Amino acid sequence: MSFDLVLFGGTGDLTWRKLMPALFQAFRHGKLPAQGRILAVARDERSDDDYRRFIHERFEEVESAKRPSDEEFARFAELLHYRRMDLSKPDDYAGLKACIDERGAATVVLFLATSPHLFTQICAQLGRAGLNGPNVRVVLEKPLGHDLQSALEINRTVAASFSERQALRIDHYLGKPSVQNLMALRFGNALFEPLWRRESIANIEITLAESIGVGTRGEFYDRTGAMRDMIQNHALQLLTMIAMEAPASSDADAIRDEKLKVLRSLKPFSEADVARDVVRGQYRAGQVNGKPAPGYLEEVRVPPGSRTETFVALRTEVQNWRWAGVPFYLRTGKRLAMPDAHIVINFRTVPHAIFPGANRANKLVIKLQPEDGLELHLLAAKGSGQHELLSPVSLDLDFDKAFATERVGAYERLLLDAIAGRLNLFVRSDEQEQAWRWVEPVLDHWERDGSGPRPYAAGSWGPPAASALIARDGFAWDEEQ
Ligand code: BG6
């Protein structure tokens, strides 16, 4: 199947850091459909060869196993083409359309890897130029809006030119093999389903911890903050996969309908809830992995006195029959003790303990990254003393070892799906809008509230208030147990 993949923002960070390495991996693995063209679009004048050289040099910054040899790059580079465009000029879109029509590829994917403030303008122009035929799909990178209002605005403009099935919204977490595995775990195995409910589960914890700071993205990050950057999208998507009912089929809309129901069931935040159930923090200087790390306010291009949060911990509930009363704790932050994304399903303790000693609960830890695996924590009798003393033991499963073949990276998977028109791993507009609707009262409250984020030391697990939030219910974060 021939395709044209047009990368708007063809010289930008996202293109050379993520998209080109992913496309090269797909090419190397022989997964990119034959007869493809990758057409990068940007403002300055360059020839195809200039562009190929530009991308080749950028590959130096890619981890070595994923870097092409000169010979491999020469073959990959045959796919790469460049076109100058001024995104405000209708004539330039007409020129792009002519260039695409001339080739007549079966599928056209328009990937907007530009700053999001250009999305509405580009989509409107694409529609006017007729670059929205049935074989065209448009891919939108996050952040999709800054709040509900701006997300609605983007979705309205996109919908004026493209149908819902033509508009692919990326949440790159959905492309990670470990995240896809959540669906397989729940709906490919009969084992967990009878236990996956309020009667057996005490609470659920979702942690997305990073040890890196904001790096060179200070300006963008300061306008965004952890709530918009990680909770509104990645963390909520994970929550929907853990809490959703079994979809009727693996069809994209069957899955997205169930995810949307979860988002609609999330307990809305009142003013009092935000004050009680949400903790925001901002890192101060500290030590990460034994090395000194600056505070957020000392990072490049972060305005003095900024009150942007780099950490969020919150408690919520999914208000339906399966989950009523089960707390879901979500936590994310930059410059935390270690990079660690995982979900913990904490089961209830036995109703009546007959063994001496602590009555510990079973838990299932779903490790998302850097490791990708499952740990099932059980209790067993060692049989070494007079009394049957219970000792904790765990069953460990490492998916990288279990599946010895190299696993496909998130962007590689999402780009291949976009070309093939598989929509399962893309976010539908109503899911995205509902997620904004849910976080907005928190953002509004923070806007009005003078107290600002709580400080935490780089290299810690966030402000002590995050531990207090979960301790209030008699629980503890995984690393504190
Ligand atoms: C992005 C955020 O969406 O996800 C970044 O904008 C964050 O701030 C990144 O670092 C984390 O993704 P990953 O794949 O490194 O866990």
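The structure displayed is predicted, hence computed values, not measured ones. All residue numbers in this chain count up from 1 along the given sequence.
- Under the 4.5 Å side-chain criterion, counting only non-hydrogen atoms from C-beta, Phe355 is not in contact with Leu379.
- Of all non-hydrogen atoms in Asp251 and Asn424, the two that sit nearest each other are C-OD1, 4.1 Å.
- The two residues Val288 and Leu336 come nearest to each other via the heavy atoms CG1-O, 4.0 Å.
- Across every non-hydrogen atom of Ala254 and Pro247, the tightest pair is O-CB, 3.7 Å.
- Salt bridge absent: Asp13 and Lys18 never bring a charged side-chain N and a carboxylate O closer than 4.0 Å.
- Residues Leu238 and Leu208 are in side-chain contact: their nearest non-hydrogen atoms beyond the backbone lie under 4.5 Å apart.
- By the neighbour-count criterion of 12 heavy atoms within 6.0 Å, atom CD of Glu199 is densely surrounded, having more than that number from other residues, nucleotides or ligands.
- With Asn135 contributing its side chain and Thr107 its backbone, the two residues share no donor-acceptor pair below 3.5 Å.
- For the residue pair Thr207 / Arg331, a side-chain donor-acceptor distance below 3.5 Å is found, with atom types taken as modelled.
- Expressed to the nearest 0.5 Å, how far CZ of Arg17 lies from CG of Leu14 amounts to 10.0 Å.
- Within the 4.5 Å cutoff, side-chain heavy atoms of Leu126 are placed close to those of Ile122.
- Here NE2 of His445 is found 11.5 Å from CD of Glu447. Values are rounded to the nearest 0.5 Å.
- Under the 3.5 Å distance criterion, with hydrogens and angles disregarded, a donor-acceptor pair is assigned to the side chains of Gln369 and Lys176.
- Counting only N and O atoms by type, the side chains of Glu164 and Ser429 include a donor and acceptor under 3.5 Å apart.
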- Item | Intermediate values then yes/no, side chain to side chain donor-acceptor pair (under 3.5 Å), Asp222 and Tyr296 | CA-CA 10 Å; Asp222 203 67; Tyr296 177 69; 2.5 Å; yes

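- Classification of Lys363 and Asp478 as a salt-bridged pair holds, one side-chain N sitting under 4.0 Å from a carboxylate O.
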- Message: Is there a side-chain contact (heavy atoms from CB on, under 4.5 Å) between Leu7 and Met20? Walk through the geometry before answering.
- Response: CA-CA 10 Å; Leu7 301 176; Met20 283 296 172; 3.8 Å; yes

- Go through Arg37 and Arg103 one step at a time and tell me if the side-chain contact (heavy atoms from CB on, under 4.5 Å) criterion holds. CA-CA 10 Å; Arg37 172 171 70 170; Arg103 197 160 165 268; 3.5 Å; yes

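- For the residue pair Glu375/His377, the side-chain donor-acceptor check at 3.5 Å is satisfied.
- The pair Lys261-Glu258 meets the salt-bridge criterion, with a side-chain N (NZ, NE, NH1 or NH2) lying under 4.0 Å from an Asp/Glu carboxylate O.
- Proximity of Lys367 to Leu374: side-chain heavy atoms (C-beta onward) are nowhere separated by under 4.5 Å.
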- Can you check side chain to side chain donor-acceptor pair (under 3.5 Å) on Gln25 and Lys31, steps first, answer last? CA-CA 9 Å; Gln25 286 308 311; Lys31 295 208 181 108; over 6 Å; no

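- Remark: Ser2 OG to Ile419 CD1 distance equals 11.0 Å, nearest 0.5 Å.
- Atom CZ of Arg348 has more than 12 heavy atoms from other residues, nucleotides or ligands within 6.0 Å.
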- Task: Assess whether side-chain contact (heavy atoms from CB on, under 4.5 Å) is satisfied between Phe426 and Asp417, documenting all intermediate values.
- Result: CA-CA 9 Å; Phe426 297 95; Asp417 281 6; 3.9 Å; yes

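- Donor-acceptor pairing under 3.5 Å is lacking for the side chains of Asp229 and Thr224.
- Salt-bridge formation is detected for the pair Asp257/Arg428: a Lys NZ or Arg NE/NH1/NH2 atom is positioned less than 4.0 Å from an Asp or Glu carboxylate oxygen.
- Between the side chains of Glu480 and Ser467, at least one donor N or O sits under 3.5 Å from an acceptor N or O.
- Ring centroid separation for the pair Phe269 and Trp438 comes in under the 6.0 Å cut-off.
- Within 6.0 Å of CG on Asn289 lie no more than 12 heavy atoms contributed by other residues, nucleotides or ligands.
- Using a 4.5 Å cut-off on side-chain heavy atoms (C-beta onward), Val262 and Leu239 make contact.
- With 3.5 Å as the limit, one finds no donor-acceptor pair spanning the side chains of Asn181 and Ser178.
- Ion pairing of Glu210 with Arg335 is absent here, as no side-chain N (NZ or NE/NH1/NH2) approaches a carboxylate O to less than 4.0 Å.
- Relative orientation of the His234 and His172 rings is perpendicular, given thresholds of 30° and 60° on the angle between their planes.
- To the nearest 0.5 Å, atoms CD1 (Ile206) and CD1 (Ile343) are separated by 5.0 Å.
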- Worked verdict on Arg165 versus Asp253 for salt bridge (charged side-chain N to carboxylate O under 4.0 Å, His left out): CA-CA 10 Å; Arg165 293 189 75 82; Asp253 278 328; 3.2 Å; yes

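- Using a 4.5 Å cut-off on side-chain heavy atoms (C-beta onward), Ile366 and Leu185 make contact.
- Of all heavy-atom pairs between Gly145 and Ile154, the closest is N-CD1, 3.5 Å.
- Glu205 is not listed as a side-chain neighbour of Phe328, based on a closest heavy-atom distance of 4.5 Å or more.
- The aromatic rings of Phe399 and Phe403 lie parallel to each other, with less than 30° between the two planes, well short of the 60° mark.
- Asn346 and Asn203 form a side-chain donor-acceptor contact under 3.5 Å, judged by distance and modelled atom types alone.
- Using a 3.5 Å distance cut-off with no hydrogens or angles, the side chains of Asp473 and Tyr329 do pair a donor with an acceptor.
- Remark: the Gln432 side chain and the Lys142 side chain contain no N/O donor-acceptor pair separated by less than 3.5 Å.
- Going from atom NE2 of His146 over to atom CD of Glu153 covers 15.0 Å, rounded to the nearest 0.5 Å.
- Scanning both residues, Ala435 and Leu236, for their nearest heavy atoms gives CB-CD1, 3.7 Å.
- Atom CZ of Arg437 sits in a crowded spot, with more than 12 heavy atoms from other residues, nucleotides or ligands closer than 6.0 Å.
- Judged by the 6.0 Å distance and 45° axis criteria, Arg198 is not positioned over the aromatic ring of Trp323.
- With contacts defined as side-chain heavy-atom distances shorter than 4.5 Å, the pair Glu371/Asp340 does not qualify.
- Asn155 and Arg169 share a side-chain donor-acceptor pair at under 3.5 Å.
- Counting only N and O atoms by type, the side chains of Gln180 and Arg413 include a donor and acceptor under 3.5 Å apart.
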- Go through the steps for Thr310 and Tyr221 under the test side-chain contact (heavy atoms from CB on, under 4.5 Å), then give the verdict. CA-CA 9 Å; Thr310 60; Tyr221 194 86; 3.9 Å; yes

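- Nearest approach of Ser265 to Asn320, heavy atoms of both residues: OG-ND2, 4.2 Å.
- Side chain to side chain, Ser394 and Asp396 meet the donor-acceptor criterion of an N or O pair below 3.5 Å.
- Between atom CG of residue Asp277 and atom CZ of residue Arg315 there is a gap of 6.0 Å, rounded to the nearest 0.5 Å.
- In this structure, Phe311 has its ring center no closer than 6.0 Å to that of Tyr283.
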